[in-house]
Q: 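There's a structure below that I have some questions on.
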Amino acid sequence: MPITNSQSQTRIDEIADHIYRVSTPLPPNPDMPPGFSFNQFLIVDDEPLLFHTGPKRMFPLVREAIATVTPPENLRYVAFSHVEGDESGSLTEWLETAPGAVPVCSKVGGMVFASDATDRPTRALADGEALALGRHSVRWFDAPHVPHGWECGFLGEVTTKTLFCGDLFTQAGADNPPVTESEILGPSEGMRKMMDYFAHGPNTRATLERLAAFEPRLLACMHGSAYRGDGAQHLRALADALTA
Ligand SMILES: [Fe+2]
Ligand SMILES: [Fe+2]
């Protein structure tokens with residue numbers, strides 16, 4: 001069973017070759033749309049990488065889930081898209097857990113946050129820079145202000161064509177399947193109508209177009225289901241929706 005904590009219903013699922021999604025559902029509450037989920041992604045390889053840390057309060061749940069597939073203390077990279085509770089909130093806890101791990105983020109993220117928040121040297125990646133993990137390799141894409149945060153960026157895993165797209169395509173709901181082949185733009189636009197989390201900067205379309213050029217086959221979303229299918233088409237349709 002993928003459930004790793006019966007009380008919280010935290011689960012872990014392999015969504016691509018040695019790429020795992022940890023997900024914790026939040027039941028409906030007055031401050032949020034109908035249910036929500038927080039997801040983190042783990043690439044198990046010679047040098048394991050976690051993409052976004054999860055909120056500080058969820059750290060024990062995320063650690064418990066990851067421990068079912070790989071020793072958490074072996075993590076080598078703790079990456080995040082931008083500075084926010086669910087992205088980087090338990091960075092300190094992860095670095096304490098994994099003595100050989102370093103933070104991974106954008107150059108701006110290193111400058112405005114990570115170089116001050118931790119004593120560990122930060123692996124700040126330039127736009128387009130690759131990071132080899134073993135059989136997997138990830139590439140950093142700068143995405144300033146898309147959807148928010150000057151320091152924002154994403155990782156693309158080259159061998160599986162997985163785009164770890166953070167808050168893009170955020171879907172409400174606490175019981176979304178780990179992976180869906182049904183389109184997720186409609187559900188994510190429904191979420192955005194309730195809670196618009198985009199900065200709507202002038203470079204949004206160009207940034208999404210650069211992500212589309214990676215031609216992702218799997219969109220690994222922080223909130224909601226991952227989408228398997230034509231990621232480029234989805235990203236271009238998102239750009240259309242944001243500028244409509
Ligand atoms: Fe965010
Ligand atoms: Fe988020």
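Any value given below was found using the heavy atoms of this structure, including those in side chains, with hydrogens, waters and symmetry copies removed. Numbers here are sequence positions counted from 1. Remember, it's 1-based here, ligands and their atoms both numbered in the order they're listed.
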Q: With rounding to 10 degrees, what does the angle H223:NE2 / the Fe ion (ligand 2) / D86:OD2 come to?
A: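 Rounded to 10°, it measures 90°.
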Q: Quick check: does M222 put an N/O/S atom under 2.8 Å from the Fe ion (ligand 2)?
A: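 So M222 does bind the Fe ion (ligand 2) by this criterion.
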Q: Taking 2.8 Å as the cut-off, does D167 contribute an N, O or S atom near the Fe ion (ligand 2), distance below it?
A: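 Yes, since at least one N, O or S atom of D167 sits under 2.8 Å from the Fe ion (ligand 2).
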Q: In terms of hydrophobic clusters joined by side-chain contacts under 4.5 Å, are F38 and V179 together?
A: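 In one cluster: no.
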Q: Taking the side chain as C-beta and beyond, is there a heavy-atom pair between P216 and L211 under 4.5 Å?
A: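 Result no, sub-4.5 Å side-chain heavy-atom pair not found.
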Q: Please give the atom name: the N, O or S atom of E84 nearest to the Fe ion (ligand 1).
A: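 Atom name returned: OE1.
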Q: Should the pair Y20 and H18 be assigned to parallel (<30°), tilted (30 to 60°) or perpendicular (>60°) ring geometry?
A: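 Plane angle over 60°, so perpendicular.
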Q: Does the plane of the ring in F59 sit parallel, tilted or perpendicular to the ring in W94? Use 30° and 60° as the thresholds.
A: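 F59 vs W94 ring planes: perpendicular.
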Q: Can you name the N, O or S atom of H82 that is closest to the Fe ion (ligand 1)?
A: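 This turns out to be NE2.
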Q: Could you tell me whether any N, O or S atom belonging to H148 is less than 2.8 Å from the Fe ion (ligand 1)?
A: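 True for H148.
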Q: Describe, in one word, how the ring planes of F41 and F164 are oriented to each other, choosing from parallel (under 30°), tilted (30 to 60°) and perpendicular (over 60°).
A: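 If you compare the ring of F41 with that of F164, the planes turn out tilted.
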